[in-house]
Amino acid sequence: MACRGSGVQIPLAPHMNKNVNDEREHAAYDFAYVQEKWLPVWDQLQPFKSGRADDVREKKYVLDMFPYPSGDLHMGHAEAYALGDVIARYWIQKGFNVMHPIGWDAFGLPAENAAIKRNSDPRIWTYENIAVQKASMRRFACSFDWDRVFNTCDPEYYKWNQWLFLKLHERGLAYRKDSAVNWCPGCQTVLANEQVVAGLCERCDSTVTKKKLNQWYFKITDYADRLLDDMAQLEGQWPEKVLMMQRNWIGRSSGANVSFVIEGRKDPVTIYTTRPDTLYGATFMVVAADSELAAELVVGTGVEKEFGAYLEKIKADSDIDRLATDRPKSGVFLNRFAINPVNGAQLPIWASDYVLADYGTGAIMAVPAHDQRDLDFAKAFNLPVVVVVETGEEDPSVSGVATGGDGKLINSGALNGLNKADAISAINVQLENDGLGKSARNYRLRDWLVSRQRYWGTPIPIIHCPSCGEVPVPEAQLPLTLPDAEGLDLKPKGTSPLGAATEWVNVECPKCGAAAKRDTDTMDTFVDSSWYYLRYPSSTVHDQPFLKKDIETWLPVDQYVGGVTHAILHLLYSRFFTKVLNDMGMVNFNEPFTRLLNQGMVVMDGSAMSKSRGNLVRLSDELEHHGVDAIRLSMVFAGPPEDDVDWSDVSPSGSVKFLTRAWRLSGDVTSAPGVDFSTGELSLRRATHKALNDASFAVESFRFNVAIARVMELVNATRKAIDSGCGPADPAVREAVEATAIMLSLVAPFTAEEMWERLGHKPAVALAGWPVVDPQLLVADSVEAVIQINGKIKERIDVPPTITDGELEALALAHPTIVAELGANAPKKVIARAPKLVNIVA
RNA sequence: GCCCCGAUAGCCCAAUGGCAGAGGCAGAGGACUUAAAAUCCUCCCAGUGUGGGUUCGACCCCCACUCGGGGCACCA
């Protein structure tokens with residue numbers, strides 16, 4: 001590394017005559033040196049420490065999604081943390097009391113898999129990686145408050161996972177049930193619905209199968225309506241895309257439950273439909289083949305054998321097979337009949353896999369004329385099609401296309417002549433009056449399956465006692481720590497490795513003292529991340545998960561930053577936890593993240609980076625070649641933050657060039673610190689204040705690339721002022737360069753700090769404060785107004801910015817060019833938009 | 001199949017109904033230099049995916065389509 005004194009320029013050729021020009025020419029910006037110089041200074045100053053008791057500034061809680069410690073930081077982390085840093089550092093400069101913490105989402109499968117591979121303890125791998133990432137974050141100059149760090153695999157943290165689990169259990173929100181669950185044969189564990197992506201395990205891409213198991217669930221469906229309705233608060237604050245995805249995921253639908261009498265069965269069967277208006281068009285009934293109802297209905301019908309064979313066949317089908325769009329309909333006639341409650345029609349009952357056992361009631365009325373799936377089924381098995389809504393389209397039994405649109409009801413008794421909406425209300429009233437049905441809602445959202453058959457997670461704090469049943473581990477015994485991995489076989493085998501820790505598993509029942517066993521499953525790691533943001537303000541507190549006082553001071557999170565990959569899972573679960581805690585009186589708000597920014601991905605040559613694709617760009621290489629600041633700048637300047645950054649489109653060397661250019665300005669300033677800016681040259685002062693004003697606005701609306709463009713403009717203007725304008729001694733030059741350093745501190749902290757020192761100031765520039773913009777300097781002396789005739793520009797004139805519409809119109813009409821253009825024709829209409837434009841309609 | 005988002009110069013992107021160009025990359029020329037690099041200056045380049053509509057005026061609003069990206073996917 002080049003050895004240079006701080007801020008002192010050593011000419012490359014010491015014998016050369018030294019003058020201002022030489023210094024500028026020969027000074028080289030050495031980013032490696034500057035990085036090494038400032039890191040220890042910042043360690044000392046701790047500019048980002050938050051939460052001093054005497055702090056009276058308004059708070060801002062800026063949060064980056066915490067990382068999983070799966071190795072060193074990569075390009076994606078670099079982008080995410082560069083963006084989060086711009087926001088956190090901006091609010092600090094703007095005078096807010098900012099908390100910007102970090103921690104590690106440290107439980108999970110990769111650690112366990114690495115441990116299996118190396119035959120070691122997942123703890124070791126995890127804490128080693130955390131140390132590596134932490135060191136990289138420091139070098140990357142993340143503005144984190146290092147006093148609040150925690151890892152979710154620390155017993156001091158997961159103790160509170162267990163505590164929260166027990167609170168949910170108390171409230172009936174954590175429960176066990178038998179059900180056909182998503183099973184990943186690769187990971188040998190169950191998966192939440194949210195972790196199954198297109199039929200594959202989101203982690204290992206194995207084909208997910210179904211397995212009947214007894215598992216723990218969180219009752220998130222109790223909160224479906226609130227999760228949906230409270231999104232109104234997030235409108236405009238969260239990306240519309242994320243809100244849309246959450247709405248679709250929750251998938252609320254409204255319709256009606258209708259009872260159908262079944263011949264030879266005591267109780268009627270209830271079906272759910274969103275189209276009760278088409279009740280007269282029902283020509284058969286379908287029950288989910290894998291439902292208990294189907295199994296019951298088939299008994300004694302003589303088709304048991306056929307049904308059994310069908311059931312075997314569909315169980316063998318994977319989710320992938322089910323997802324095929326052109327999959328032909330299949331099913332078995334159960335040799336039984338239901339009676340249509342409105343017209344007494346006898347409807348054959350079929351069992352099929354196109355009806356889901358766990359949605360609605362697991363049974364439907366089939367209206368083939370107006371539902372494509374029912375129509376496909378009717379065609380496959382030659383069942384009748386009755387049109388009850390006249391839409392003007394071709395008869396579905398001929399076209400093969402069900403008509404789902406609006407129209408006039410026909411063949412429907414009292415509903416005849418009504419449109420869809422009116423028919424739905426009318427039939428709902430009728431059904432309710434006759435005791436045959438009522439309006440109902442259903443959700444796509446299912447309860448959250450939280451138990452996992454793996455080692456590296458939070459042990460579920462429940463003891464199973466033969467006589468007392470599920471007994472919570474007493475609060476005083478928390479944390480229930482994981483048994484030592486030593487001696488345990490962590491290899492996936494379908495049951496939890498914890499089961500082999502005999503001494504750990506076998507305990508006395510806390511209630512009756514009898515021999516009992518611990519629950520051997522661990523919690524889904526998404527439990528850990530569902531509430532971690534509540535803990536940062538109280539991270540050193542160990543007798544409570546978080547302090548009420550801290551929550552009231554800091555929460556909710558003002559700005560959350562992270563990848564769109566968490567649009568459903570993590571964000572939905574966090575919202576759910578917040579609502580539960582709100583109900584428990586532990587937090588005084590019901591949405592955890594006020595504002596959300598989703599950054600895009602960093603890709604290379606149009607596709608996601610991967611070793612196998614051979615397009616992996618190593619963050620460490622980029623940092624070494626171009627420096628931290630240039631990489632941060634390149635990330636932020638590449639385009640809007642939500643867009644993907646294609647690294648082949650960005651120019652880190654261009655960033656280096658710009659930073660050098662900015663840095664060089666700081667060496668050119670010859671006025672003294674503290675000089676009165678008000679006497680400075682006016683046009684440069686205007687440029688400075690406009691840049692400050694525009695950059696503020698751009699940062700606040702997440703257009704960081706635009707903010708940087710404004711700084712570039714100011715740097716260009718300042719260069720020009722120094723070289724061929726007011727000269728380096730003018731106070732306006734100092735004002736411009738100081739503003740540049742402060743604005744650059746959001747994205748290029750090392751360069752900014754170095755500039756700040758060369759300008760004669762003490763660190764840290766991060767705390768210098770955003771200069772106050774003088775509104776008078778934002779108004780120009782005169783502006784150019786354009787005069788149009790029929791929208792075409794005919795003339796440009798200089799006018800005072802304060803000109804009124806009337807004055808501008810008069811000026812335009814009196815202008816010789818316009819007079820000549822118009823000739824004898826009087827203008828039909830004149831639109832004036834002072835001070836920028838007049839349009840004359842001739 | 002349904003839903004959402006996008007398309008502006010060779011490339012990345014600005015322009016929130018009012019002059020299509022802020023900024024950058026790439027390219028060309030020049031100044032400085034013995035030369036090169038670095039630096040500084042100047043220049044080049046599109047009429048906004050296609051077709052209609054609304055408006056005095058449309059990249060921007062509306063309708064239809066093409067292409068690209070994303071989400072959901074037998075949820076009755």
Side-chain angles (χ1 to χ4, degrees), chain A residues 12 21 24-28 197-199 239-249 251-253 255 271-275 278 286 288 319 322-327 329 352-356 358-367 370-374 376-377 442-446 564 567-568 600 606 633-634 637-640 642-646 648-651 653-655 657-658 660-661 664 694 698 701 703 705-713 715-716 719-720 723-724 784-793 796 827-833 836-842:
Chain A
L12 296 178
N21 218 30
R24 199 182 79 215
E25 275 179 29
H26 297 291
V197 179
E240 192 48 48
K241 185 182 167 186
V242 174
L243 296 177
M244 188 66 64
M245 285 166 71
Q246 294 224 347
R247 272 190 204 102
N248 290 342
W249 189 262
R252 180 161 67 194
S253 88
I271 60 94
Y272 172 73
T273 178
T274 54
R275 292 293 303 277
T278 63
V286 186
D319 270 17
R322 291 173 151 263
L323 286 171
T325 45
D326 51 354
R327 192 164 183 258
K329 290 283 182 285
S352 172
D353 66 348
Y354 88 91
V355 172
L356 305 176
D358 61 350
Y359 183 79
T361 61
I364 61 148
M365 66 172 194
V367 185
H370 307 296
D371 182 283
Q372 191 61 46
R373 296 154 299 186
D374 297 346
D376 293 343
F377 193 85
N442 265 306
Y443 304 88
R444 223 192 66 107
L445 182 71
R446 306 295 146 90
V564 75
I568 297 171
L633 176 69
S634 299
F637 184 57
E642 318 78 46
D643 290 4
D644 287 350
V645 175
D646 194 323
S648 61
D649 287 334
V650 310
S651 168
S653 56
S655 297
K657 210 162 96 178
F658 164 68
T660 308
R661 203 167 139 81
R664 200 180 309 115
D694 291 359
S701 42
R703 282 150 53 238
N705 52 327
V706 177
I708 291 168
R710 292 291 103 84
V711 182
M712 288 174 168
E713 271 180 280
V715 167
N716 290 343
R719 178 80 268 148
K720 201 168 266 184
D723 289 348
S724 56
E784 189 180 69
V786 298
I787 307 172
Q788 301 177 327
I789 295 179
N790 295 332
K792 290 198 173 61
I793 298 161
R796 294 159 190 276
K828 290 202 190 91
K829 193 172 174 183
V830 181
I831 293 105
R833 290 284 180 274
K836 291 165 81 176
L837 171 139
V838 183
N839 188 18
I840 298 161
V841 186

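Labels below follow one simple rule: chain letters A, B, ... track the order of the sequence lines, proteins then strands, and each chain is numbered from 1.
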Between A:K829 and B:rC56, is there a side-chain N or O to OP1/OP2 distance below 4.0 Å? yes
OP1 or OP2 of B:rC72 under 4.0 Å from side-chain N/O of A:R247: no
Name the closest nucleotide to the A:M245 side chain, picking from B:rG71, B:rG18, B:rA76. B:rG71
Taking the C1' atom of each, how far is B:rC63 from B:rG1, in whole Å? 23 Å
Of the candidates B:rG23, B:rA76, B:rG18, the side chain of A:Y272 sits closest to B:rA76
Do any side-chain nitrogens or oxygens of A:K657 fall under 4.0 Å of OP1 or OP2 in B:rC25? yes
Assigned partner base of B:rU54, Watson-Crick or wobble definition, under 3.5 Å: none
As its Watson-Crick or G-U partner within any shown strand, both distances under 3.5 Å, B:rG27 has B:rC43
Syn or anti for B:rG23, please, going by whether the chi angle lies within 90° of 0. anti
Reported CD-to-CD1 distance for the pair A:E713 and A:I708, which is rounded to 0.5 angstrom: 13.0 Å
Checking A:N839 side chain against A:I831 main chain: does a donor-acceptor pair fall under 3.5 Å? no
If I compare all heavy atoms of A:L633 with all of A:S655, which pair ends up nearest, and what's the gap? CD2-CB, 3.5 Å
Nearest to the side chain of A:D649, heavy atoms from C-beta on, is which of B:rC25, B:rC11, B:rG18? B:rC11
What distance, rounded to whole Å, do you find between the two P atoms, one in B:rG23 and one in B:rC40? 15 Å
Taking atom P in both B:rG51 and B:rC59, what distance in whole Å separates the two? 14 Å
A:R275 (side chain) and B:rA76 (base): donor-acceptor pair under 3.5 Å: no
If we take the P atom in both B:rC60 and B:rU16, what is their distance in whole Å? 13 Å
Checking side chain to side chain donor-acceptor pair (under 3.5 Å) for the pair A:N716/A:R661: CA distance, chi angles, key distance, verdict? CA-CA 9 Å; A:N716 290 343; A:R661 203 167 139 81; 2.4 Å; yes
OP1, OP2 of B:rC12 versus side-chain N and O of A:S651: anything below 4.0 Å? no
Nearest-Å distance once atom P is located in both B:rA31 and B:rA37: 14 Å
Per the atom types in the model, does the base of B:rC72 pair as donor or acceptor with the side chain of A:N248 at under 3.5 Å? no
Confirm from the modelled atom types if A:K329 and B:rC74 form a donor-acceptor pair under 3.5 Å, side chain to base only. yes
Gap in Å between the two P atoms, one belonging to B:rC65 and one to B:rG29, rounded: 49 Å
Nearest to the A:R444 side chain among B:rC40, B:rC72, B:rU42, which nucleotide is it? B:rC72
For nucleotides B:rG69 and B:rG49, find the distance between their C1' atoms and express it as a whole number of Å. 15 Å
Between A:D371 and A:R275 (salt bridge meaning N to carboxylate O under 4.0 Å), is one present in this structure? no
Can you identify which nucleotide, out of B:rG23, B:rC19, B:rC13, has its nearest atom closest to the A:R796 side chain? B:rC19
A:Y272 side, atom OH; A:N442 side, atom CG - distance, nearest 0.5 Å: 4.5 Å
Which heavy atom of A:G606 sits nearest to which heavy atom of A:D646, and what is that distance? N-OD2, 2.7 Å
Touch class at under 4.0 angstrom, heavy-atom based, for A:E784 against every strand present: base
At under 4.0 Å, does any side-chain N or O of A:N716 touch on OP1 or OP2 of B:rG24? yes
B:rC25 and B:rU54, which share atom name P, separated by this distance in whole Å: 44 Å
Indicate whether OP1 or OP2 belonging to B:rA22 is found under 4.0 Å from a side-chain N or O atom of A:R703. no
Report yes if a side-chain nitrogen or oxygen of A:K241 is closer than 4.0 Å to either non-bridging phosphate oxygen (OP1 or OP2) of B:rC72; otherwise report no. no
Nucleotide opposite B:rC67 in a Watson-Crick or G-U pair, distances under 3.5 Å: B:rG6
Side chain of A:R719 - closest among B:rG18, B:rC74, B:rC41: B:rC41
